[in-house]
Amino acid sequence: MKKTKQLILEWKNSYEKQIVYDIANLFETNKFDIVKPNFELRKLNKMHPQWLGDYDVFAVDVKNKEIWIIECKVIEKVATFYDMYRQQNRFFNEHKEDEKFQRRIDYLRENVNQVIQQLGCTEYMNYKVIPYMCMNKVLISRYKKVAFPIVAYPELEQIIFNTRKQ
């Protein structure tokens with residue numbers, strides 16, 4: 001049983017890494033100006049805090065003055081309502097995955113002008129931060145309200161495509 005659980009965790013980690021690069025590729029294909037997978041602001045400038053962690057996908061559209069930040073999560077499929085509620089409890093209450101991402105969103109919104117300037121953009125005022133949590137399946141929080149959209153990969157793909165058509 002231990003080996004099976006370890007194999008499942010390795011599979012999850014592998015797919016979580018892959019979805020990051022797949023989403024980064026979506027932004028590149030749709031002609032975003034800057035696309036950075038696993039991007040740490042601390043590596044851009046030491047003034048940014050260590051506790052922040054990384055943005056799974058960080059994409060900048062200079063023309064529309066948008067910074068898209070995507071948090072990628074792969075979660076196990078569940079078979080029963082009980083398992084679904086336990087999974088949600090772990091995700092939202094025990095591990096607080098939504099709160100970790102919200103801290104990154106808040107930090108970027110507060111420091112957006114500095115960050116965009118540090119990235120080398122000449123016009124760095126009035127950028128909008130667009131956050132999404134992207135998952136391998138549809139997930140709706142049943143434990144608490146979250147302030148950002150949680151979407152499945154095909155939904156995010158369509159959202160990005162639709163913004164480029166305009």
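Just so we're clear, the structure is a prediction, and the values are computed from it rather than from any experiment.
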#### Entry: Pair Lys100-Glu71, salt bridge (charged side-chain N to carboxylate O under 4.0 Å, His left out): steps then yes or no
CA-CA 10 Å; Lys100 294 173 190 173; Glu71 180 71 14; over 6 Å; no

### Message
Does Tyr107 form a side-chain contact (heavy atoms from CB on, under 4.5 Å) with Val112? I'd like the steps, not just the answer.
### Response
CA-CA 8 Å; Tyr107 183 84; Val112 68; over 6 Å; no

### Message
One pair to check against side-chain contact (heavy atoms from CB on, under 4.5 Å): Glu99 and Phe92. What are the steps and the verdict?
### Response
CA-CA 8 Å; Glu99 292 176 26; Phe92 292 107; over 6 Å; no

### Message
Assess the residue pair Tyr85 and Tyr143 against the criterion (side-chain contact (heavy atoms from CB on, under 4.5 Å)); give the C-alpha distance rounded to whole Å, side-chain angles, the decisive distance to 0.1 Å, and a yes or no.
### Response
CA-CA 9 Å; Tyr85 278 103; Tyr143 277 90; 4.0 Å; yes

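A donor-acceptor contact closer than 3.5 angstrom links the side chains of Gln18 and Asp22. A donor and an acceptor atom, one from each side chain of Asp106 and Gln102, are located under 3.5 Å apart. For the 3.5 Å distance criterion, the side chains of Asn38 and Tyr21 qualify, holding a donor opposite an acceptor. Side chains of Gln118 and Gln114: a donor-acceptor N/O pair is absent below 3.5 angstrom, by distance only. Remark: the Gln50 side chain and the Arg42 side chain contain an N/O donor-acceptor pair separated by less than 3.5 Å.
The two residues Cys134 and Ala152 make their nearest non-hydrogen contact at SG-C, 4.0 Å. Between Leu139 and Gln87, the closest heavy-atom pair is CD1-OE1, 4.5 Å. Nearest heavy atom pair, residue Ile75 against residue Asn136, reads N-OD1, 2.8 Å. Across every non-hydrogen atom of Ile23 and Val57, the tightest pair is CG2-CG2, 3.9 Å. Closest non-hydrogen pair, Val20 versus Asp56, comes out as CG1-O, 3.3 Å. The minimum heavy-atom distance linking Ile34 with Lys36 is given by the pair CG2-CE, 3.9 Å.
With values rounded to the nearest 0.5 angstrom, Leu52 atom CG is found 9.0 Å from Asn111 atom CG. With rounding to the nearest 0.5 angstrom, the CG atom of Asn93 is 5.5 Å from the NZ atom of Lys144. Between the CD1 atom of Ile105 and the CG atom of Asp98 there is a distance of 9.5 Å, given to the nearest 0.5 Å. Taking NZ of Lys65 as the reference point, atom SG of Cys121 lies at 10.0 Å (rounded to 0.5 Å). Going from atom CG of Asp61 over to atom CD1 of Ile67 covers 10.5 Å, rounded to the nearest 0.5 Å. One finds the CD atom of Gln117 at 11.0 Å from the OH atom of Tyr127 (value rounded to the nearest 0.5 Å).
Residues Ile150 and Ile140 are not in side-chain contact: their nearest non-hydrogen atoms beyond the backbone lie 4.5 Å or more apart. Side-chain contact check for Glu155 versus Val138: some heavy-atom pair is nearer than 4.5 Å. Between Glu94 and Asn89 there is a side-chain heavy-atom pair separated by less than 4.5 Å. Taking the side chain as every heavy atom from C-beta outward, Tyr55 and Leu41 approach each other to under 4.5 Å. Taking the side chain as every heavy atom from C-beta outward, Val115 and His48 approach each other to under 4.5 Å. Two residues are said to be in side-chain contact when any heavy atoms from C-beta on lie closer than 4.5 Å; Glu66 and Val60 fail this criterion. For the pair Trp68/Ile159, a side-chain contact is recorded, criterion being any heavy-atom separation below 4.5 Å from C-beta on. Taking the side chain as every heavy atom from C-beta outward, Asn162 and Gln158 approach each other to under 4.5 Å.
The neighbour count for Lys17 NZ, taken as heavy atoms of other residues, nucleotides or ligands under 6.0 Å away, does not exceed 12. The environment of Glu123 atom CD is sparse: at most 12 non-hydrogen atoms of other residues, nucleotides or ligands sit within 6.0 angstrom. Other residues, nucleotides and ligands contribute more than 12 heavy atoms inside 6.0 Å of the NZ atom of Lys96. Counting non-hydrogen atoms of other residues, nucleotides and ligands closer than 6.0 Å to NZ of Lys43 gives a total of 12 or fewer. Taking a 6.0 Å sphere around NZ of Lys3, one finds it holds 12 or fewer heavy atoms contributed by other residues, nucleotides or ligands.
In this structure a side-chain-to-backbone donor-acceptor pair under 3.5 Å is missing from Arg104 to Gly53. In this structure, Asp33 contributes its side chain and Val62 its backbone to a donor-acceptor pair below 3.5 Å.
No close placement of the Phe148 and Tyr132 rings is indicated, their centers lying 6.0 Å or farther apart.
The aromatic rings of Phe58 and Phe39 sit tilted relative to each other, their planes meeting at an angle between 30° and 60°.
Cluster membership check: Val78 shares its hydrophobic cluster with Phe81, using side-chain heavy-atom separations under 4.5 Å among Ile, Leu, Val, Met, Phe, Trp and Tyr.
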